[in-house]
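Letters go in sequence order (proteins before strands), and every chain restarts at 1.
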There are 2 protein chains.
Amino acid sequence: MATDKRKNARGFGALTIYETLRDEILSLEMQPGELVDESRLATRFGVSRSPVREALVRLVSESLLQTLPNKGTIVAQLRIQEFPQYVDTLDLVQRAASRLAAEVRSDRGLELIKEAQQRFVDAVKANDVLGMILCNRDFHVAIAQATNNKYLEEAYAQLLDDGRRFLRLYFKSYGDVLPVELLGGHDNLIAAIEARDPERAERYAREHTIEMQQRFLSYLGSRQMTGYSVEY
Amino acid sequence: MATDKRKNARGFGALTIYETLRDEILSLEMQPGELVDESRLATRFGVSRSPVREALVRLVSESLLQTLPNKGTIVAQLRIQEFPQYVDTLDLVQRAASRLAAEVRSDRGLELIKEAQQRFVDAVKANDVLGMILCNRDFHVAIAQATNNKYLEEAYAQLLDDGRRFLRLYFKSYGDVLPVELLGGHDNLIAAIEARDPERAERYAREHTIEMQQRFLSYLGSRQMTGYSVEY
DNA sequence: GTCGACATTTTAGTCGACAAATAAGTCGAC
DNA sequence: GTCGACTTATTTGTCGACTAAAATGTCGAC
């Protein structure tokens with residue numbers, strides 16, 4: 001718990017804390033259910049409780065934290081029994097976004113998607129699990145942005161963020177080794193979007209989701225129980 | 001700006017302010033682009049700036065407010081040119097939720113939907129526009145809850161809230177008089193969910209969206225320009 | 001040993017005040 | 001009269017302290 005103060009600039013306090021905590025939660029660095037202490041965070045970041053509080057309020061409103069009435073604040077539980085429902089919803093939105101992106105994408109949008117994919121590939125090659133998960137999210141968000149539909153983009157981004165903890169849990173269980181199969185997973189989708197072929201884009205989007213689902217479910221079937229599924 | 005203090009109970013300050021402001025924003029009582037002043041709100045609610053700030057942070061994170069760096073906080077713009085994209089996304093999620101609800105709804109879930117519909121009907125009969133908009137939202141959220149899919153429910157609820165301002169704008173333009181046609185709009189959908197008929201549920205959900213879209217677009221075509229479309 | 005009342009501790013919520021940053025207003029040089 | 005530097009004012013972001021409420025711990029009666 002080193003006091004890592006980065007910028008003393010006005011307004012950077014709350015934002016930095018928010019982003020740091022958010023990252024730590026989504027990467028499972030902070031475990032679900034873990035108690036979060038305001039004053040401890042204040043000393044850790046070398047600031048007072050006010051900016052910490054601001055960050056926490058934001059995280060609570062995004063359901064990444066949960067305030068137990070008069071009992072404290074904890075990291076939101078990760079309910080793996082909700083995974084099937086999660087995948088259902090992700091599939092719905094992912095297909096719609098990919099299809100729409102293929103229909104209306106601009107050249108610039110396609111370019112951004114390819115750039116995101118490049119960063120994803122780099123992360124996989126470097127065996128950087130956290131970076132890969134983040135770049136995977138950014139890749140799909142780039143597709144969402146290419147749809148030019150703010151509402152779809154927001155809903156999709158929200159879902160993708162929710163999924164980061166599931167992915168982290170999965171890869172953690174395999175010793176954080178990234179299989180090379182991941183490298184090609186996005187290429188067909190990109191090609192379909194480039195060719196402005198909505199049907200193909202939707203099909204590959206669906207395949208991509210299903211493959212992820214298969215992996216995760218087979219992992220769930222074989223794994224030992226962890227504490228992550230505890231409700232309260 | 002009467003100092004309406006309701007509960008001095010601990011913790012009720014921030015929550016009350018949040019809910020009040022949220023309502024005022026979604027009902028267009030606070031106009032898009034309007035400047036929000038922390039200290040003014042503090043005096044209005046008879047509290048200090050801290051709870052006000054907490055409420056504002058939350059509203060910002062929900063994109064209902066927007067902080068201009070070192071310039072103040074304003075009510076988020078309502079971009080009516082985004083309405084088509086909004087409807088696209090709403091239709092997508094609404095169809096999925098209605099279909100899924102028809103598939104998996106419990107008796108209790110159906111009951112809650114019918115109760116929500118009853119409140120909706122009451123509001124329409126009372127010509128209570130704000131109440132109707134809220135009950136319409138709650139009705140659809142009840143459907144989402146019947147799907148037993150937290151992720152779908154959250155995404156749907158978010159969209160429905162986003163839409164409240166569009167609806168408000170629409171009815172305001174017609175002198176806040178509610179047409180009786182609204183009364184029957186949900187009945188077919190309820191029947192389909194009750195009969196566990198996903199196809200029908202999806203079809204009626206779609207019809208419901210399209211009707212709303214038609215109304216709004218014809219209104220847009222005929223209306224005078226307001227300030228609501230201003231970007232910044 | 002058990003139960004209940006009381007004290008203690010912890011932590012969230014609130015407060016008033018200060019500091020930084022920007023925008024607006026003012027004055028003077030040219 | 002116009003431009004630029006300076007001052008002022010407004011408003012945010014931050015701080016440290018106070019307070020209330022709950023959980024925990026302690027003690028004594030029975």
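Taking atom OH of residue A:Tyr18 and atom C1' of nucleotide D:dT14, one finds them 20 Å apart after rounding to whole Å. Nucleotide C:dT9 holds its C1' atom 13 Å from the CG atom of A:Asp37, rounded to whole Å. C:dT11 atom C1' lies 13 Å from atom CG of A:Leu41, rounded to whole Å. Going from atom CD of A:Glu38 over to atom P of C:dG13 covers 7 Å, rounded to whole Å. Rounded to an integer number of Å, the gap from CG of A:Leu35 to C1' of D:dA23 is 13 Å.
Across all strands shown, D:dT19 forms a Watson-Crick or G-U wobble pair with C:dA12, both key distances being under 3.5 Å. Base pairing analysis places C:dC30 opposite D:dG1; the two distances defining the Watson-Crick or G-U wobble pair are each below 3.5 Å.
No side-chain donor-acceptor contact under 3.5 Å links B:Thr147 to the backbone of B:Ile143. Judged by distance alone, the side chain of B:Arg165 and the main-chain N or O of B:Gln77 form a donor-acceptor pair under 3.5 Å.
For B:Val47, counting side-chain heavy atoms from C-beta on, the closest listed nucleotide (C:dT11, C:dC15, D:dG13) is C:dC15.
Annotation: side chain of B:Tyr156 is in contact with side chain of B:Leu90 (closest heavy-atom distance under 4.5 Å).
Side chains of B:Asp37 and B:Ser39: a donor-acceptor N/O pair is present below 3.5 angstrom, by distance only.
Taking the six-membered ring wherever Trp is involved, the centroid distance between the rings of B:Tyr174 and B:Phe171 does not fall below 6.0 Å.
Screening B:Leu21, B:Leu35, B:Asp23 against B:Met30 for a side-chain contact (heavy atoms from CB on, under 4.5 Å) leaves a single residue, B:Leu21.
Near-neighbour residues of DNA chain D inside residues 48-62 of chain A, defined by a heavy atom below 4.0 Å, number-ordered: A:Ser48, A:Arg49, A:Ser50, A:Pro51.
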